[in-house]
Amino acid sequence: MNKSLYYTRTAQWLHWIMAVIFIAAWLIGFYSGNFLSYEVDGSFKGDVISLHKNIATTIIFLLVVRIFWRYTHPAPSLPESMSPRMKTLAHAGHLALYFMLIALPLTGCLYSWSLGYPAPVLYLFNLPPLIAENSAVTAIVKPLHIWLSWAVGVLLVGHIAAAFKHHFIDKDHVLKSMTQQDK
């Protein structure tokens with residue numbers, strides 16, 4: 001059992017790098033999906049969507065590293081002052097976030113491939129397409145990707161609010177566990 005109150009420095013870096021990438025990809029996707037149209041913005045919308053995909057696909061690779069690291073380096077214990085119910089909700093929330101880190105890039109790639117477009121990674125290479133162009137798949141994964149993106153937005157706001165609650169109201173180590181190290 002990990003007796004430290006803090007995550008390892010590697011876990012902290014993975015968390016914050018993925019948070020920045022994920023939030024950037026989410027904001028770019030939100031912007032392109034809600035404020036741009038091909039009729040008005042033409043190739044600019046295509047460039048913004050390409051940026052979204054190039055950033056978002058990196059999460060797939062980082063997630064593999066993060067899950068391996070988490071498996072080999074257990075998370076710090078939650079505060080003893082938390083009720084068993086709150087600990088269960090905290091674990092469920094983290095599992096939901098991990099699920100979203102898998103589901104959103106996967107549905108995004110499926111959406112792109114189903115339209116006959118690539119799933120590029122950092123403008124370096126394309127992920128090999130797992131499916132061919134298919135409008136029936138598009139009809140499923142497009143709304144699924146959109147609904148998942150809204151759900152993860154709600155989860156993310158809840159995650160941030162919980163971290164601030166722990167820091168400012170409960171005054172425990174939960175937020176510090178992701179920003180500090182043992183002294």
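Looking at Leu101 and Met18, their side chains come closer than 4.5 Å, going by heavy atoms from C-beta outward. In this structure, the side chains of Arg70 and Leu14 stay at 4.5 Å or more apart for every pair of heavy atoms.
Remark: Ile102 CD1 to Leu148 CG distance equals 12.0 Å, nearest 0.5 Å.
The cluster map of Ile, Leu, Val, Met, Phe, Trp and Tyr, joined by side-chain heavy atoms under 4.5 Å apart, puts Ile67 and Leu104 in the same cluster. When the side chains of ILVMFWY residues are joined at heavy-atom separations under 4.5 Å, either directly or via intervening members, Val20 and Ile28 end up in two distinct hydrophobic clusters. Note on Phe30 and Ile49: separate hydrophobic clusters, where clusters join Ile, Leu, Val, Met, Phe, Trp and Tyr whose side-chain heavy atoms are under 4.5 Å apart, directly or indirectly. Cluster annotation: Tyr31 and Trp150 are assigned to the same hydrophobic cluster (Ile/Leu/Val/Met/Phe/Trp/Tyr, side-chain heavy-atom contacts under 4.5 Å, transitive). Both Ile160 and Ile21 sit in one connected hydrophobic cluster of ILVMFWY residues. Membership requires side-chain heavy atoms under 4.5 Å apart, directly or through other members.
Under the salt bridge (charged side-chain N to carboxylate O under 4.0 Å, His left out) criterion, Lys176 pairs with no residue at all, not counting sequence neighbours.
The local environment of CZ in Arg9 is crowded, with over 12 non-hydrogen atoms from other residues, nucleotides or ligands closer than 6.0 Å. Residue-environment remark: CZ (Phe164) stays at or below the threshold of 12 foreign heavy atoms within 6.0 Å.
Across every non-hydrogen atom of Ser32 and Val48, the tightest pair is CB-CG1, 3.6 Å. In plain terms, the two heavy atoms of Thr58 and Ile55 that are nearest each other are OG1-O, 2.6 Å. When all heavy atoms of Thr107 and His145 are compared, the closest pair comes out as OG1-ND1, 2.7 Å. The two residues Ala151 and Met100 come nearest to each other via the heavy atoms CB-CE, 3.6 Å. Closest approach of Ser4 and Pro76 over heavy atoms only: O-CB, 3.3 Å.
Connectivity analysis of hydrophobic side chains (ILVMFWY, heavy atoms under 4.5 Å, direct or indirect) links Ile140 to nothing; its cluster partners are none. Phe68 forms part of no hydrophobic cluster, judged by ILVMFWY side-chain heavy-atom separations under 4.5 Å. Annotation for Phe125: hydrophobic cluster partners, listed by chain and number, are Ile60, Phe61, Leu106, Leu110, Tyr111, Trp113, Leu115, Tyr117, Val121, Leu122, Leu124, Leu127, Leu130, Ile131, Val137, Val141 (ILVMFWY side-chain heavy atoms under 4.5 Å, direct or chained).
A donor-acceptor pair is defined here as one N or O able to donate and one able to accept, closer than 3.5 Å; such a pair exists between the side chain of Gln12 and the backbone of Ser177.
Screening residues 35-55 for side chain to side chain donor-acceptor pair (under 3.5 Å) gives Ser50-Asn54, Lys53-Ser112 as the qualifying pairs, with residues at least two apart or on separate chains. The side chain to side chain donor-acceptor pair (under 3.5 Å) analysis of residues 126-143, with sequence neighbours excluded, yields the pairs Ser114-Thr138.
For an aromatic pair to be called close, the ring centres must be under 6.0 Å apart, and Trp26 with Phe22 fails this. Aromatic rings from His166 and His173 are positioned such that their centres are separated by 6.0 Å or more. Ring-centre distance between Tyr7 and Trp13: not below the 6.0 Å cut-off.
In this structure, His159 and His15 have tilted ring planes: the angle between them lies in the 30° to 60° band.
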